[in-house]
Amino acid sequence: MLQYVQLQLLFLSLYIKKQHAAIAKTSDGRSKINEVSKRQNIILILIDDLGIKDLGCYGSKFYETPNIDTLSAEGVKFVNAYAAHPMCLPSRVALLSGVYPARFGQNDGQKEFEKYGHLKAKKCFGKFGANIFSDDLPTNQAFTLGEAFKEHGYQTAWLGKWHLGRPPTDHGFDRAFGHTSIGSIQSHFAPYFRPGHEKNNLWDLEKENIKKGTYMADLLTTKTIDAMTDFRSGQKKEKPFFVVLSHYAVHSPLEGPKQFHGTFEKKLTSMSPGQKYRFDFDREAVCKTSQDNTEYAAMLKSVDESVGRVRAFLEADGLKESTTIVFTSDNGGESTKPTDYGKMSPKNIVKEHINTSNSPYRGGKFWLYEGGIRVPLIIYSANKQKSRHVTQFRSIGMDIYPTLLDLAGLPLYPSVHRDGISLVPALTKLSKTWHRKEPFFWNYPKVYDGGEGICSAALKGAFKVIQFRGPKSDGFSHTTELYNILSDPSEQINIAAEQPKKVQELLGELLFWKENWVDDEDFTTEKCKEFLKYDQWKDVTNSTGTY
């Protein structure tokens, strides 16, 4: 996993270094103070592993999310929003950069680059990559979303899950709290890590004097409100703020606040046997098809209360109309486990160890079926949206970067966020007539727990192709599936045999995309050596290859 992180972030840094020179600035390089003071505050609320069907406003009957539902009712709800990847880290790379994560290398990245003709990139990593396990993003090269806001006079803060190496304060955020060097915490209750694992923290728990048992979602919400309060004090209030509230919930471990258990236990009891603990088999996985996990429901309830607290603060401080909120998830809900998971029966796997159901969408986190990559996306922006509505407009994770800039009234950086576009037109009357360039692409060259294995996908119009390349043991290697996701959103009818021309069209575009991931000239021997000589690129592993 460390090598996976390193490869992605190394490519991100090298790519953005090249593009940063092309960024256009105002005549004096900075926005004027009077212009800054009039700009919108921006809050991005990012939920970990939240599925497309987990909110009341997206159709859930079991979970309770009244505050998020209200945000949706007052804003614009996207029903065709996609993550850039079915896993946390690469999805967040896309959000931070506005670029497909595949452009920065992925698991088995050297093999992928060689296969698609990026020989200098492969040689660079073949020579140096095996000894570099640092997951740092070099601070002297990257131009991140945080730095884009900071460059234009915004006060910036990141609260919560980071999962991108060096702390957010090295990447344009004035302050940060709750970030770790890994993708999850070991408990949602303080002290959050078991004894001996505290080194995963990138903040000082003892210094913060956090009371034992404090729930993480509550803590992050309090810290977010504290940051906004400080940003509003004294002369600071003349400058707008950009705040990211990045919850660890609803990622496992499944631990919800006890005060919510009773509500959902009653709901569960009232459900008939045929309504709960339902599952199907898909390939070598057990797939949950009913929402009935009370711990997960309690966790999601805490996230909803967090949204309510943030909005209440904005209302009380007179900031509701001058603050834009974007709410989304990094990938689909975790809805599958291997059939041999814990040597348990399928029913017990579903009952005790699977978070949620994305039904009617197929699959979940780790899958390139719709359940793994469709995510909720809600935008509330009083100064941009022309009405409260639902939009069918398609979006993908790289769009977040330019969209946030546009919502704030800042200039876009198309040479940096080259794979994303602003979604602001979708907030207006143009939403029904506005079109964007497709296909969307995904590449997933690694087999993960509960996922469907090595594969790639392309989505264009009504059609989605998925090309499988392994593992060889599952019986699906080197097969191709084609779905009409407009008439068959559950992806149950593979029409590849009936439409071979459409398959070849999409596979051709997928191959062209892979062949143009990177500019191989970025990886000359001289440039490679120059890039890798920075002090932060060290072998920080022990003999086992781990921290």
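For the single chain, residues carry numbers from 1 onward in sequence order.
Of the charged side-chain nitrogens involved, at least one lies within less than 4.0 Å of a carboxylate oxygen, so that D399 and R436 count as a salt-bridged pair.
Evaluation of the salt bridge (charged side-chain N to carboxylate O under 4.0 Å, His left out) rule for K223 yields E208 as partners, not counting sequence neighbours. Residues passing the ring pair (Phe, Tyr, Trp, His ring centres under 6.0 Å) test with F241, sequence neighbours excluded: none. Applying the side-chain contact (heavy atoms from CB on, under 4.5 Å) test to E305 and every residue at least two apart in sequence or in another chain returns F260, K301. Remark: Y401 engages H417 in a ring pair (Phe, Tyr, Trp, His ring centres under 6.0 Å) (not counting sequence neighbours). In terms of the salt bridge (charged side-chain N to carboxylate O under 4.0 Å, His left out) criterion, residue partners of D174 (sequence neighbours excluded) are, by chain and number, K150. Residues meeting the ring pair (Phe, Tyr, Trp, His ring centres under 6.0 Å) test with F231, sequence neighbours left out: none. Residues passing the side-chain contact (heavy atoms from CB on, under 4.5 Å) test with A81 are F78, V375, L377, S395, sequence neighbours excluded. A search for salt bridge (charged side-chain N to carboxylate O under 4.0 Å, His left out) contacts involving D406 returns nothing, not counting sequence neighbours. Shown here are the side-chain contact (heavy atoms from CB on, under 4.5 Å) partners of A462, two or more places apart in sequence or in another chain: N484, L486. The salt bridge (charged side-chain N to carboxylate O under 4.0 Å, His left out) search around E315 returns K320, not counting sequence neighbours. Taking the side-chain contact (heavy atoms from CB on, under 4.5 Å) definition, one finds that D317 meets it with R232, F313, L319, sequence neighbours left out.
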What side-chain donor-acceptor pairs closer than 3.5 Å can you find for residues 43-50, not counting sequence neighbours?
unit_1, atom_1, unit_2, atom_2, d
D48, OD1, K161, NZ, 3.4
D48, OD2, K161, NZ, 2.7
D49, OD1, N331, ND2, 2.9
D49, OD1, K365, NZ, 3.3
D49, OD2, K365, NZ, 3.0

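A cation-pi contact, defined as under 6.0 Å to the ring centre and within 45° of the axis, links R311 to Y380. Judged by the 6.0 Å and 45° rule, K53 forms no cation-pi pair with Y361.
The aromatic ring centroids of Y296 and Y63 lie less than 6.0 Å from each other.
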